[in-house]
Amino acid sequence: MKLLVKDVIKSFATGDRVVDTLDNVNLKVEKGEFVTIVGPSGCGKSTLLSIIAGLEKPTDGKIYVDGREVAGPGPDRLVMFQESALFPWLNVLQNVEFGLKVSGVDKRSRREIARHYLKMVYLSRFESAYIHQLSGGMKQRVALARALALNPDILLMDEPFAALDSQTRSLLHAELETIWEETGKTIVFVTHNVEEAVTLADRVITFSARPGRIKKEFHIQLPRPRNIETPDLGRAINRVMEELKTEVEKVVKEELDSDWAVEESALLYSNNCRMGSGL
Amino acid sequence: MKKALFFILIIAGWEAVSRTGIWADYLFPSPFSVLATLFNGFKDGTFTIAIIASLKRIFKGYLLSLAVGVPMGLLIGRVKFFSETVGSLILGLQTLPSICWLPLSILWFGLNEKAIIFIVVIGAIFSISLSTEAGVRNISPLYLRAAQTMGARGWRIYLEVIIPGALPSIITGMKLAWSFAWRSLMAGELLSSGVGLGQVLMVGRDLADMKQVVAVMLIIAILGLTIDRLIFRLLEGQVQQKWGLARL
Ligand SMILES: Nc1ncnc2c1ncn2[C@@H]1O[C@H](COP(=O)(O)OP(=O)(O)OP(=O)(O)O)[C@@H](O)[C@H]1O
Ligand SMILES: [Mg+2]
């Protein structure tokens, strides 16, 4: 077992209120496994990733990587954020080199490593471009190269492709899948998009609404690479979506006025449409 | 082109007014007599010596305020204790024109070089600190988190993320601080003594030689503008090229 999340509880104190965000989350991830987490907005998915990354301390519970307790952030567990978080003052190559530079790799070898990974994401030609000159998809490719360059065992991805159009996203799915198969990384991938979750995952985990806890697991054993023509993919998506629907409803009920029920059917319908739109 | 035409018109107007004779020539010198004064001043070296003396002072004062102001801004922006103490003090002091410090400065340092440099430092340092602080505060937390997960710690975070991330704001502050420093220098030189542009201007006044006064005014304006263009435009241009910010 690569990663173990044990009895993690997280609550935030905001002013005089305490918000329970994660309630007793337990998760085991095997080495080389691709796990995706889906759940309604605000259920604590990003918080869980931050805790695994060591950027945030759990209120209670522990994280273990290879049996050792996680004490803080480290380059063995890299996070890729929804917005690329690339540094605008560095060019593409320098961004990819960043982690190697702070860990003291000498200039020649880090340049070589960075170029290798830029090639892997097909951006060799843009190595001296600045970040504002890149499209959204290119930015996420650079962010992926930057994460891979440090050769982490675990990649934590927080809705990395959410802001992209569906064609670019499918392209990046295929590339990520190839890279994952080649490098054998362990990936924990958070998303809103059920179709994305099912297409990529060995295992999909659904989260319940506030406070976030793991509701159900789905093992996806369809052959890869998966696409719209993969038999049974649609059925798997529907099963996960069905599971999520009740949770999404719960959130909406909590947040909206009571006369919302009138529009319920319409809203769920459009929700389904959006979730399937990437197909 | 438009600009050149505009300045030619101004000079022509200036010449025309001086020809009407509303004011006597020693009160309102013609552009050509000012030009002649400039030429002579450079030829006999008075202007050159004064320019060098003034520039030396401002560079000393400006570099000192950078060396102190940037770290101070970093501390105020990152450490709560400093923002609550030094930060609020600076906000208060910033509203005070730096020349008000002259009497104290002369008492502390004597009627010399150091007293004027002190005025220059006071004039520049607060806007450098405050803009550094603003730059530090506005860095996206995402950058810090990304740097942390990639293994950056402690001073490396400052060197590799916080300072470069705050740089656009720091440069804006440096530019503002330059104009404050320049004004402070002139005020200090006018009111105290020692070789310098301010002093040459005061000598002109004492001799009732308005040609000299206007000539020095021109030098001061052109020098300030040139450095602004040469150094700060260049720095801003580089930042814009990297960050893709619109021209301010
Ligand atoms: N630093 C914080 N201080 C206070 N509350 C926080 C903080 N971070 C997160 N929360 C709260 O924790 C809850 C979960 O946030 P989180 O960002 O983990 O949700 P999420 O599942 O990633 O949502 P989304 O899908 O919209 O990204 C939210 O209700 C949020 O208000
Ligand atoms: Mg999130």
Side-chain angles (χ1 to χ4, degrees), chain A residues 46-47 49-56 70 72-92 94-105 110 114 128-134 139 142-143 145-152 154-158 160, chain B residues 66 70 73-74 77-78 80 128 131-175 232-248:
Chain A
S46 298
T47 307
L49 275 200
S50 294
I51 290 174
I52 296 174
L55 290 167
E56 210 133 11
V70 163
D76 58 329
R77 288 154 283 130
L78 273 186
V79 192
M80 213 179 127
F81 303 92
Q82 176 174 352
E83 308 102 290
S84 63
L86 296 169
F87 302 134
W89 55 89
L90 300 177
N91 69 23
V92 166
Q94 289 164 337
N95 263 286
V96 179
E97 279 179 41
F98 183 91
L100 298 162
K101 187 177 174 196
V102 295
S103 59
V105 178
R110 69 176 190 244
S128 51
Y130 282 97
I131 304 310
H132 71 97
Q133 297 166 320
L134 307 179
K139 282 183 197 161
V142 177
R146 181 170 80 167
L148 291 170
L150 274 169
N151 198 18
I154 302 176
L155 262 180
L156 305 169
M157 308 180 83
D158 191 357
Chain B
L66 266 185
V70 171
L74 288 176
R78 293 290 294 176
K80 199 163 172 226
I128 289 177
S131 66
T132 307
E133 183 210 350
V136 169
R137 276 193 204 286
N138 289 332
I139 291 175
S140 159
L142 208 55
Y143 295 152
L144 298 175
R145 288 158 68 91
Q148 279 177 321
T149 69
M150 287 187 282
R153 295 279 178 285
W155 62 271
R156 285 223 93 126
I157 298 233
Y158 275 86
L159 204 67
E160 312 274 358
V161 183
I162 293 176
I163 292 177
L167 203 60
S169 173
I170 294 177
I171 288 175
T172 309
M174 280 171 65
K175 194 175 158 183
F232 295 106
R233 280 290 160 91
L234 207 80
L235 287 176
E236 280 180 336
Q238 271 183 345
V239 165
Q240 277 155 1
Q241 193 201 341
K242 287 185 182 180
W243 292 62
L245 303 171
R247 216 167 234 300
L248 300 170

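This one's a predicted model, so the numbers in the text were calculated from it and none came from an experiment.
At least one side-chain heavy atom of Phe98(A) sits under 4.5 Å from a side-chain heavy atom of Val161(B). The shortest side-chain heavy-atom distance between Leu78(A) and Met150(B) falls under the 4.5 Å cut-off. No side-chain heavy atom of Ser140(B) sits less than 4.5 Å from a side-chain heavy atom of Glu83(A). Pro73(A) is listed as a side-chain neighbour of Arg153(B), based on a closest heavy-atom distance under 4.5 Å. For the pair Arg145(B) and Val79(A), the minimum side-chain heavy-atom distance is 4.5 Å or more.
Most heavy-atom pairs under 4.5 Å with chain B, from the set Ala143(A), Ala85(A), Gly99(A): that is Ala85(A). Between chain B and the options Ala53(A), Ser103(A), Gly74(A), the largest number of non-hydrogen pairs under 4.5 Å is found for Gly74(A). By number of non-hydrogen pairs under 4.5 angstrom with chain B, the leading residue of Arg146(A), Arg77(A), Met80(A) is Arg146(A).
Residues Gly151(B) and Pro75(A) share a closest heavy-atom pair of CA-CD, 4.3 Å.
Considering CH2 of Trp89(A) and NZ of Lys242(B), their distance stands at 10.5 Å, rounded to 0.5 Å.
For Leu86(A), the part lying under 4.5 angstrom from a heavy atom of chain B is the backbone only. Contacts between Gln82(A) and chain B at a heavy-atom distance below 4.5 Å are absent for every atom of the residue.
At most 12 heavy atoms of other shown residues, nucleotides or ligands fall within 6.0 angstrom of atom NZ in Lys101(A).
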